[in-house]
Structures are given as C-alpha cells and as structure tokens.
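Below: one structure, written as structure tokens.
Nothing fancy with the numbering, it's 1 onward along the sequence.
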Amino acid sequence: MMETVNICPVCDGKDFRQKYKARDHVVSGETYTVEECLSCGLLLTNPRPAKDAIGPYYMSENYMPHSPDDGGLIGNLYKMVRVFLLWRKQKVIASNLADKQSSNTTILDIGCGTGEFLNKCKESGWKTVGVEPVADARKHAKDTFGLSVFEEVEQPEVSKQLYDAITLWHVLEHIHDVNEAIENIYKLLKNDGFVLIAVPNSSSSNAKIYGDYWAALDVPRHIYHFNPSSIQKLMEKHGFSLSSIQPMPMDAFYISMLSERYLGTKLGAARAILNGSVSTLSGMLETEKFSSLAYIFRKSDFKHS
C-alpha cells in the first residue's frame with residue numbers, strides 16, 4: 001500500500017516539486033519520485049510504501065546493512081573499512097562524552113543492525129542498549145555479541161531509563177514518523193546528553209554528480225533525504241540545538257561504487273575512486289559538501305559547560 005505526504009514534516013509546507021526519478025536498484029526495480037519541499041528544502045520519497053507495507057523492500061541479500069557476510073567487490077571493501085569506521089565512531093562518541101565516561105555511561109543505539117558498533121561501545125566499558133526492528137539482525141547482535149537488543153523504543157527495557165548518548169547511524173532517513181521519533185529521543189536523553197544522527201547529505205557534491213543514480217537515495221527505503229539545513233530545522237523544532245558536525249569521508253567512495261554499479265559504466269571502480277575523491281576534497285573545503293554527515297545535537301534548554 002502506498003501513501004502520499006501532503007504536508008512537510010519539517011516546516012508544514014504544502015508545496016513540492018519533483019527533484020529526481022530514482023529506481024530501486026536493490027529489490028523491486030520500481031521507480032519512485034523524490035520531491036523537494038519548496039519552503040525548507042527537505043527531499044522526500046513521495047509517494048512511498050506505507051509503514052506496514054515497506055518490510056519486503058528490506059528483504060534482499062543485496063541489502064548491505066543487515067548482511068555481514070556479503071561477498072563481491074563492494075561487500076569486501078565494506079568489510080575492510082568497517083574495522084576502522086567502528087573505531088572512528090567510538091572515538092566520536094568518546095570525545096563528546098568528555099569527562100563523563102565511566103562504567104555508568106549509557107548508550108542507546110537505535111537501528112543497531114547486527115550490533116558491531118554497539119559491541120565496540122560495550123568493549124569500552126559502557127552500558128549499552130540497542131533497538132533493531134529486523135529480527136535476523138537483532139538475533140545476530142544478541143547471539144554473536146551478547147547485547148541487549150529490543151524490537152522497539154517503546155519497550156520498557158528501553159524506555160524506562162535515560163541515556164548519556166543516543167545514536168542513529170543512517171537510520172533517521174528510514175523512519176516514517178520522524179517527528180514522533182525525535183520526541184521519543186528527547187524524552188530518553190539525559191539533560192546533559194547528546195544525540196548523534198548520521199545521514200546521507202542530499203546537497204553533497206556526490207549527490208550532484210550522480211543525480212537520479214545517487215545510491216544514497218536508496219528508494220523506497222530512504223523516505224527522507226536530509227541536507228544540513230533541513231535536519232537542523234527538524235531538530236530545532238523539537239528543542240535541540242546543533243553542537244557540531246562530523247564528516248564521514250569514507251561514505252563517498254562506498255556510495256560512488258554503488259552508483260557506478262547502478263549506472264553500469266565501464267571502468268566503474270576507477271570512476272568511483274575519482275568521484276569519491278572529488279566529493280571528499282569538496283568536503284574538506286566545505287564540510288557541508290561531504291557525502292554523509294554525522295550531526296551532534298544537544299537539548300537547547302540545558303546549559304552546557
């Protein structure tokens with residue numbers, strides 16, 4: 001079942017225009033329209049599968065986030081850099097915790113997938129809780145790493161405590177009701193805590209290079225396509241202020257590789273390296289041009305030292 005969005009979830013705007021006609025290259029082969037809100041610049045897949053109908057679009061061996069044993073060039077590259085990325089993600093969290101790090105530090109990872117990042121946090125001595133709606137990924141996280149992972153944020157095991165840090169690594173773009181999700185995050189976060197939200201950047205150099213074939217559109221699984229302005233407006237609406245932006249430079253190469261595969265171009269790997277390099281260099285000159293960005297938000301009404 002499909003549903004159409006008539007009101008922008010960020011600014012309540014009602015005027016949209018077509019930005020892309022993008023194909024689902026992973027599961028269905030279907031084509032979807034990506035629209036732009038004329039008021040705030042948010043991009044959204046519209047119309048889109050309803051929440052209770054989108055599940056089948058994740059059911060593919062080609063869908064990387066829940067396939068830790070994927071083969072092939074892209075899968076092997078993904079696994080090669082994952083160790084470094086996990087280390088870097090943990091360092092980002094640690095640097096924002098500053099002198100709050102202790103055995104009582106609590107981390108909630110929403111959309112924790114198969115649990116690799118959350119396990120890295122556990123190895124750092126922090127208390128960890130994960131949320132993952134996909135049953136196979138949740139089972140992997142529990143069985144492989146012994147993590148406490150639950151299906152929904154609303155479950156008492158998740159919602160009956162407050163957290164020093166809440167992380168969403170490439171998750172917010174998948175959530176149908178982003179306003180409800182952020183309201184829940186605000187309630188679960190300690191007053192002096194922070195939330196990290198990593199999402200593809202729809203105004204990146206990489207997005208402009210590939211257009212309709214930009215792999216980070218990932219329709220229809222990616223419902224929203226944020227840029228720095230639209231995500232900041234969304235978070236401010238719910239009482240958060242932007243603390244910092246962390247670039248995710250490796251994403252440009254991974255996304256370029258997938259985009260070249262979708263285009264079916266000759267010398268795709270070489271072109272991906274070139275375009276990934278161009279995107280990364282653009283980001284080094286202007287952070288907001290990186291292919292993906294991780295945003296650190298804190299509660300606006302709490303005074304930080």
With no hydrogens and no angle check, is any side-chain donor or acceptor of Glu152 less than 3.5 Å from a backbone partner on Glu154?
-> no

Salt-bridge present (Asp177, Lys51; N to O < 4.0 Å) = no

Rounded to the nearest 0.5 Å, how far does CG of Asn119 lie from OG1 of Thr128?
-> 8.0 Å

side-chain contact (heavy atoms from CB on, under 4.5 Å) between Ser28 and Tyr57: does it pass, once the steps are laid out?
-> CA-CA 7 Å; Ser28 68; Tyr57 292 91; 3.7 Å; yes

Does one side chain, of Tyr20 or Glu35, offer a donor that lies under 3.5 Å from an acceptor on the other?
-> no

Intermediate values then yes/no, side-chain contact (heavy atoms from CB on, under 4.5 Å), Ile175 and Val171 | CA-CA 7 Å; Ile175 296 176; Val171 169; 4.1 Å; yes

Between Glu151 and Gln155, is any side-chain donor less than 3.5 angstrom from a side-chain acceptor?
-> no

Decide whether Phe253 and Leu85 are clustered together by the hydrophobic rule: side chain heavy atoms of Ile, Leu, Val, Met, Phe, Trp, Tyr closer than 4.5 Å, transitively.
-> no

Heavy-atom pair of closest approach, residues Asn96 and Ser244 = OD1-OG, 4.3 Å

Lys/Arg N to Asp/Glu carboxylate O, Glu30 vs Arg23, below 4.0 Å = no

Report yes if some heavy atom in the side chain of Arg221 is under 4.5 Å from a heavy atom in the side chain of Val27; otherwise report no.
-> yes

Do Ile197 and Ile231 come within less than 4.5 Å of each other through their side chains, counting heavy atoms only?
-> yes

Would you mind reporting whether Ser241 and Glu236 have side-chain heavy atoms less than 4.5 Å apart?
-> no

Can you get from Val26 to Leu217 by hopping between Ile, Leu, Val, Met, Phe, Trp and Tyr side chains that sit under 4.5 Å apart?
-> yes

Would you say the side-chain atoms of Glu260 and Thr265 include a donor-acceptor pair closer than 3.5 Å?
-> yes

How far does OG1 of Thr114 sit from CG of Asp143, to the nearest 0.5 angstrom?
-> 12.0 Å

Could you go through the side-chain contact (heavy atoms from CB on, under 4.5 Å) check for His174 and Tyr58 one step at a time?
-> CA-CA 11 Å; His174 295 264; Tyr58 289 89; 2.7 Å; yes

Hey, what do you get for CD1 (Ile54) to CE (Met2), rounding to the nearest 0.5 Å?
-> 9.0 Å

With side chains defined as the heavy atoms from C-beta onward, is the minimum distance between Leu242 and Met235 less than 4.5 Å?
-> no

Can you tell me how far NZ of Lys19 sits from SG of Cys37, rounded to the nearest 0.5 angstrom?
-> 13.0 Å

Just by distance, do the side chain of Thr45 and the backbone of Arg48 share a donor-acceptor pair under 3.5 Å?
-> no

Connected via hydrophobic side-chain network under 4.5 Å: Leu281 and Ile245 | yes

Below 4.5 Å, heavy atoms only, C-beta onward: do Leu108 and Thr167 meet side chain to side chain?
-> no

Does a donor on one side chain and an acceptor on the other come within less than 3.5 Å for Asn227 and Ser203?
-> no

Parallel, tilted or perpendicular for Trp169 and Phe117, by the 30°/60° rule?
-> perpendicular

Tell me, yes or no, whether the heavy-atom count around Leu267 atom CG, taken from other residues, nucleotides or ligands under 6.0 Å, exceeds 12.
-> no

Are Leu263 and Val219 co-members of a hydrophobic cluster defined by side-chain heavy atoms under 4.5 Å apart?
-> yes

If you look at every heavy atom in Glu173 and Pro200, which pair is closest and at what distance?
-> OE2-CD, 3.3 Å

For Ser204 and Lys289, work out which heavy atoms get closest and say how close.
-> CB-O, 3.4 Å

Heavy-atom closest pair, residues Pro220 and Asp24 | CD-OD2, 3.7 Å

Smallest separation among heavy atoms of Gln90 and Trp126, with atom names | NE2-CH2, 3.4 Å

Check step by step if side-chain hydrogen bond (donor to acceptor under 3.5 Å, both in side chains) holds for Tyr32 and Asn46.
-> CA-CA 7 Å; Tyr32 292 86; Asn46 197 30; over 6 Å; no

Establish, from distance only, whether the side-chain atoms of His225 and Asn201 form a donor-acceptor pair under 3.5 Å.
-> no

Taking side chain as C-beta onward, heavy atoms only, is Val129 less than 4.5 Å from Thr106?
-> no

Candidate list Asp212, Thr31, Thr33, test side-chain hydrogen bond (donor to acceptor under 3.5 Å, both in side chains), partner Lys21, passing option = Thr33

Would you call Asp136 and Lys139 a salt bridge, taking side-chain N to carboxylate O under 4.0 Å as the test?
-> no

So His140 and Glu116, side-chain contact (heavy atoms from CB on, under 4.5 Å) or not? Walk me through it.
-> CA-CA 10 Å; His140 180 94; Glu116 283 79 7; 3.9 Å; yes

Is the backbone N or O of Val278 less than 3.5 Å from a side-chain atom of Ser282, with the two atoms forming a donor-acceptor pair by type?
-> yes

What distance separates Lys91 NZ from Ser124 OG, expressed to the nearest 0.5 Å?
-> 7.5 Å

Between Lys299 and Tyr186, is NZ or CZ placed under 6.0 angstrom from the six-membered ring centre and within 45° of the ring axis?
-> yes

Find the distance between CG (Leu97) and CG (Asp164) and round it off to the nearest 0.5 Å.
-> 6.5 Å

Mark yes or no for whether Lys122, through its side chain, and Phe145, through its backbone, hold a donor-acceptor pair below 3.5 Å.
-> yes

Identify the heavy atoms of Ile107 and Tyr163 that sit nearest to each other, and give their distance.
-> C-CD2, 4.0 Å

Cys8 side chain near Cys40 side chain, heavy-atom distance below 4.5 Å | yes

Determine the interplanar angle of the Phe297 and Tyr295 rings, folded into 0 to 90°, and report it as parallel if under 30°, tilted if 30 to 60°, perpendicular if over 60°.
-> parallel

Is any side-chain heavy atom of Thr287 closer than 4.5 Å to a side-chain heavy atom of Leu293?
-> yes

Can Ile273 be reached from Ile255 by stepping across I, L, V, M, F, W or Y side chains whose heavy atoms are under 4.5 Å apart?
-> no

Sidechain-backbone polar pair: Ser259 side chain, Ala215 backbone, donor-acceptor under 3.5 Å = yes

